[in-house]
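Below, all heavy atoms of this structure are taken into account, side chains as well, without hydrogens, waters or symmetry copies.
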Amino acid sequence: MLKYELDQVKFSDLKDKIEIPKFQRGLVWGDQKKKEFIKSLKAGLPIGVLLLSKAENGRFLVIDGLQRFTTMLEYSRDYFSYIDPSEITDSDIISIIIASQAAKDIYDLRSEPDKLMVREKIRKVIVENISMGQNKNLQQISKLAAIQLCKEIHELSDKDLLDVLDAVYIIVSNFSAAAKIDDIEIPLIIFNGKEDELATVFQKLNQEGVKLSKYDVFAATWFGHTVNVKGDTDFIKQIIKKYSASQEKSGLEISNYDPDIMLKTGELTAFEYAFALGKELTDKCPILFNAKRDDSKVESIGFLILAELLGLSYQSMNKLAFEMDKHKKLDFCRLKNAIIDTAKSVQSALGDYIVAPTKKKPSLACHSELQLSSYIVVLFKLRYEITTADGLVDRGNKAKEIREVRRFLYKHYLYDILRGYWSGSGDTKLEEIIADPFTCRYVKDVNKDSFEQAISEWLASSNKKSSLMTVSAETKLFLNYLLRLYNNPAAIAKTDYDIEHCVPKKVLQDYFIKKNITVPISATCNLVYIPKSENRGKGDLTYYQKQRKDSITYTLNAEALEALCYPREQELMFVESVSTITAENYFAFLTDREKYITHRMISKLYER
């Protein structure tokens, strides 16, 4: 027996009767995709069917076709912004020109190439005014376009303006009439199966087109798995923000969603809990996550950490909801708080090493998600244990291991980034590290020789990248470590710093790049952080050259420059003469700097 029926309904009869099921993914079509779809719709071409399910309230849930339906809905509310230049024909343009005798006379005197330019300018004016006409009536759109056209073509009289206005109004009115889609018949399939089958149908249908992410699949397949976080209002509001953003973007209501009931009961699906956890982590630890706020975007870190803490591998994350079901005695509010506190502890341990020394203090974090997860999971497991019998258990007696991990974490962080440890099969490495947090490498210091080799090889690699023009995220992080290891934290906090090219960028561009000689302008060894007040207007001069000319503005002495790891004056003398500023000397400078910086960094990292 078929579980569906076919139907065809006018868009006007359908547009106010649609809701979104909670498991639907967000809107993923871009502007170009939307415009292409609307073009097909208006041309009468097949647009596929919408798969709907009738809800108990008599409305319909969109199972398949959300992107198409929301595009139609958006278009119906603002079809002006969807105008395509091809919709303003050459006949339309000529009708404007001949509407005014003065305009026609001016046009007839033009050469053919000029006439083509005039026609395209008129088309552009009409399209621009229509595209911005959402909150205007047709007369207002036409008048604004006519006034602009009369100025563009020539300073025409008021009578000519009225003639042009009449012609423009006809074009705008015709566009408006042709743009409306209320009477278009939309083909439908109405699903009559059970409600608990909807998520499975959704998942199977969305295998083509814009692929479902695994989190879209989780939202659909974890729908019947719930946990309770009653009383944690801020946490629940993360989900309320998600659904509010979805409603705002789509213009549709979400089925079976009532924020007041959600706050009252505290019941969340497994997907909603993991989603909210990701949002809480990024909100509470902004330096670690450095994420731009998007209420509807999944922060996958919440899913990953939760899976690892409940004994699942990265590859087995799809079983997370079922694993959560087993933990009947687990207080999920307390679990969330413990995870957030652990993440804050990681952020505190890394401290200013991942904060740029500038006024805005942006994050310099450039770790992978797996790398960061390894720190949080290890510290969490040192402090807590999760069991099905007892829920969340505080070990309470492993303070030494926790202190050691926090003590060495800033070294492990940089060490792993410089050697690219987490690239490739990072999930396997994560499982190895967290298997036994009490004996993992994070409870020990980084081997000094290994760290020295990693720094040296990374700097040497930077020196060889001939196309290096911009400063990489890893380089900014490294330079920040170098600055903070040798300078007073309080003084750094009061100062705004810039990244400075020791051999001036302009010099390298003038002497090498413009002559097609490739050199790594922004090699790490040619960069330092320097106070912004000392880094103004040097142009093609080194700091020492500028200081000789203006010792009042440029005040850093030799000791201060050494603390900033700025090269000694003798090292930069080759820049001051045309005969010595050669690629060979520049590369020799970088090589010497690589050895110096490596030694300087290691000496400070291991002096205690």
Peer 1: What distance do Lys319 atom NZ and Leu312 atom CG have between them, rounded to the nearest 0.5 Å?
Peer 2: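 Between atom NZ of Lys319 and atom CG of Leu312 there are 7.5 Å.
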Peer 1: Restricting to non-hydrogen atoms, name the atom on Leu364 and the atom on Leu477 that form the minimum distance, rounded to 0.1 Å.
Peer 2: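 In terms of heavy atoms, the two residues are closest at O-CD1, 3.9 Å.
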Peer 1: Looking at CG of Leu382 and CD of Glu401, how far apart are the two atoms once the value is rounded to the nearest 0.5 Å?
Peer 2: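 It is 6.5 Å, given to the nearest 0.5 Å.
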Peer 1: What is the minimum heavy-atom distance between Ile386 and Phe380, and which atoms define it?
Peer 2: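 Minimum heavy-atom contact is CD1-CE2, 4.0 Å.
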Peer 1: Are more than 12 heavy atoms, taken from residues, nucleotides or ligands other than Lys361, located less than 6.0 Å from that residue's NZ atom?
Peer 2: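 More than 12 within 6.0 Å, yes.
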Peer 1: Quick one: closest heavy-atom pair of Ala343 and Ile376, and the distance?
Peer 2: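 Taking every non-hydrogen atom into account, CB-CD1, 4.0 Å.
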Peer 1: By the definition ring pair (Phe, Tyr, Trp, His ring centres under 6.0 Å), identify the one residue from Phe451, Tyr481, Tyr410 that meets it with Tyr415.
Peer 2: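 Single ring pair (Phe, Tyr, Trp, His ring centres under 6.0 Å) partner of Tyr415 among Phe451, Tyr481, Tyr410: Phe451.
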Peer 1: Taking the side chain from Asn487 and the backbone from Leu483, do they hold a donor-acceptor pair closer than 3.5 Å?
Peer 2: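 Between the backbone of Leu483 and the side chain of Asn487 there is a qualifying donor-acceptor contact (under 3.5 Å).
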Peer 1: Is the backbone N or O of Lys242 less than 3.5 Å from a side-chain atom of Asp295, with the two atoms forming a donor-acceptor pair by type?
Peer 2: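 Between the backbone of Lys242 and the side chain of Asp295 there is no qualifying donor-acceptor contact (under 3.5 Å).
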Peer 1: Please determine if Arg600 forms a cation-pi arrangement with Tyr486, meaning its NZ or CZ atom is less than 6.0 Å from the six-membered ring centre and no more than 45° off the ring axis.
Peer 2: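 Yes, Arg600 lies over the aromatic ring of Tyr486.
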Peer 1: Less than 4.0 Å between a side-chain N and a carboxylate O, is that true for Lys329 and Asp390?
Peer 2: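 Salt bridge flag = no for Lys329 with Asp390.
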Peer 1: Just wondering, more than 12 heavy atoms not from Lys532 lying within 6.0 Å of its NZ?
Peer 2: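 Atom NZ in Lys532 is not packed in, count stays at 12 or less.
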Peer 1: Restricting to non-hydrogen atoms, name the atom on Leu430 and the atom on Ser373 that form the minimum distance, rounded to 0.1 Å.
Peer 2: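 Looking at all heavy atoms of both residues, the shortest contact is CD1-C, 4.3 Å.
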Peer 1: Can we say Lys249 and Asp294 salt-bridge, meaning some charged N sits less than 4.0 Å from an Asp/Glu carboxylate O?
Peer 2: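 Yes, this pair counts.
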Peer 1: Within this structure, what is the OH-CG distance for the pair Tyr273 and Leu306, rounded to the nearest 0.5 Å?
Peer 2: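 One finds 6.0 Å between OH of Tyr273 and CG of Leu306.
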Peer 1: Would you call Glu280 and Phe235 a side-chain contact if the rule is heavy atoms closer than 4.5 Å?
Peer 2: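 Counting from C-beta outward, Glu280 and Phe235 do come under 4.5 Å.
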Peer 1: Indicate yes or no: does Lys429 engage Glu431 in a salt bridge with an N to O separation below 4.0 Å.
Peer 2: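 Glu431 and Lys429: not salt-bridged.
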Peer 1: Per the salt bridge (charged side-chain N to carboxylate O under 4.0 Å, His left out) rule, which among Lys400, Arg406, Arg407 passes with Glu404?
Peer 2: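 Single pass found, and it is Arg407.
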Peer 1: Are side-chain N/O atoms of Ser316 and Ser313 paired as donor and acceptor at under 3.5 Å?
Peer 2: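 Short answer, yes.
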Peer 1: Under the 3.5 angstrom rule, does the side chain of Ser345 hit a backbone N or O of Asp341 as a donor-acceptor pair?
Peer 2: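 Checked: no pair found.
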Peer 1: Can the ring centroids of Trp222 and Phe322 be said to lie less than 6.0 angstrom from one another?
Peer 2: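 No, too far apart.
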Peer 1: Judged by atom type as modelled, is there a donor-acceptor pair below 3.5 Å linking the side chain of Thr342 to the main-chain atoms of Ala338?
Peer 2: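 A pair under 3.5 Å: yes.
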Peer 1: Can you establish whether the number of heavy atoms outside Glu385 located under 6.0 Å from its atom CD is more than 12?
Peer 2: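 Counting other residues, nucleotides and ligands, CD of Glu385 exceeds 12 neighbours.
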Peer 1: Could I get the full list of side chain to side chain contact (heavy atoms under 4.5 Å, CB included) partners for Glu253, not counting sequence neighbours?
Peer 2: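 Side chain to side chain contact (heavy atoms under 4.5 Å, CB included) list for Glu253, sorted by chain: Glu19, Gln247.
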Peer 1: Ion pair present between Arg68 and Asp64, side-chain N to carboxylate O less than 4.0 angstrom?
Peer 2: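 Answer for the salt bridge query: yes.
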Peer 1: In sequence, state the C-alpha distance, the side-chain angles, and the governing distance for Lys297 and Glu299, and then conclude on salt bridge (charged side-chain N to carboxylate O under 4.0 Å, His left out).
Peer 2: CA-CA 6 Å; Lys297 179 178 177 290; Glu299 306 295 348; 3.7 Å; yes
Peer 1: Phe478 vs Trp458 aromatic rings, parallel, tilted or perpendicular, using cut-offs 30° and 60°?
Peer 2: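 Rings of Phe478 and Trp458: tilted, 30 to 60°.
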Peer 1: Do Asp427 and Gln315 have a side chain donor and acceptor closer than 3.5 Å?
Peer 2: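 Yes, because at least one side-chain N or O of Asp427 sits under 3.5 Å from a partner of the opposite role on Gln315.
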Peer 1: When you measure from the centre of the six-membered ring of Tyr421, is the NZ or CZ of Arg441 closer than 6.0 Å and no more than 45° off the axis?
Peer 2: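 Pair Arg441/Tyr421 counts as cation-pi.
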Peer 1: Drop me the distance from Tyr543's OH to Leu564's CG, to the nearest 0.5 angstrom.
Peer 2: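 CG of Leu564 is found 9.0 Å from OH of Tyr543.
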Peer 1: With distance as the sole criterion, is a donor-acceptor pair present between the side chains of Thr598 and Glu452 under 3.5 Å?
Peer 2: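 There is no such pair (donor and acceptor under 3.5 Å, judged by atom type) between the side chains of Thr598 and Glu452.
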Peer 1: State whether Glu74 and Lys34 are salt-bridged, where the test is any N-O pair (Lys NZ or Arg NE/NH1/NH2 against Asp/Glu carboxylate O) under 4.0 Å.
Peer 2: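 Between Lys34 and Glu74 there is a salt bridge, with a charged N closer than 4.0 Å to a carboxylate O.
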Peer 1: What I want to check is whether the side chains of Gln238 and Asp283 have a donor and an acceptor closer together than 3.5 Å.
Peer 2: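 Looking only at side-chain atoms, Asp283 and Gln238 do form a donor-acceptor pair, the distance falling under 3.5 Å.
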Peer 1: What distance separates Arg484 CZ from Leu479 CG, expressed to the nearest 0.5 Å?
Peer 2: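 Atom-to-atom, Arg484:CZ and Leu479:CG are 12.0 Å apart.
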Peer 1: What residue among Asp498, Leu556, Thr495 forms side chain to side chain contact (heavy atoms under 4.5 Å, CB included) with Glu534?
Peer 2: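 The option that passes is Leu556.
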Peer 1: Check whether the ring centres of Tyr442 and Tyr375 lie less than 6.0 Å apart, and answer yes or no.
Peer 2: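 Centroid separation for Tyr442 and Tyr375: below 6.0 Å.
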Peer 1: Is Arg419 reaching over with its side chain to a backbone N or O of Ala454, donor-acceptor style, under 3.5 angstrom?
Peer 2: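 Checking the backbone N and O of Ala454 against the side chain of Arg419, no donor-acceptor pair under 3.5 Å is found.
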Peer 1: Can you find a pair of side-chain heavy atoms, one from Glu594 and one from Ser456, that are under 4.5 Å apart?
Peer 2: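 Result yes, sub-4.5 Å side-chain heavy-atom pair found.
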Peer 1: Is it true that a side-chain atom of Asn526 and a backbone atom of Lys505 form a donor plus acceptor pair closer than 3.5 Å?
Peer 2: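 Pair absent, no side-chain N/O of Asn526 close to backbone of Lys505.
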Peer 1: Have His225 and Asp325 got a donor and an acceptor in their side chains that come within less than 3.5 Å?
Peer 2: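 Yes - a donor-acceptor pair under 3.5 Å links their side chains.
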Peer 1: Would you say Thr524 and Thr475 are linked by a side-chain donor-acceptor pair, where the criterion is simply a distance under 3.5 Å?
Peer 2: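 There is such a pair between these side chains.
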Peer 1: For the residue pair Phe271 and Val298, what are the closest heavy atoms and their distance?
Peer 2: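 Result for this residue pair: CZ-CG2, 4.2 Å.
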Peer 1: Give the C-alpha distance, both sets of side-chain angles, the deciding distance and a yes or no for side-chain hydrogen bond (donor to acceptor under 3.5 Å, both in side chains) between Tyr243 and Glu272.
Peer 2: CA-CA 10 Å; Tyr243 291 140; Glu272 289 168 341; 2.5 Å; yes
Peer 1: So Cys440 and Ile434, do their side chains get closer than 4.5 Å, heavy atoms only?
Peer 2: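 Side-chain contact under 4.5 Å: no.
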Peer 1: Checking the side chain of Asp331 only, and the main-chain atoms of Arg334 only, is there a donor and an acceptor separated by less than 3.5 Å?
Peer 2: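 Yes.
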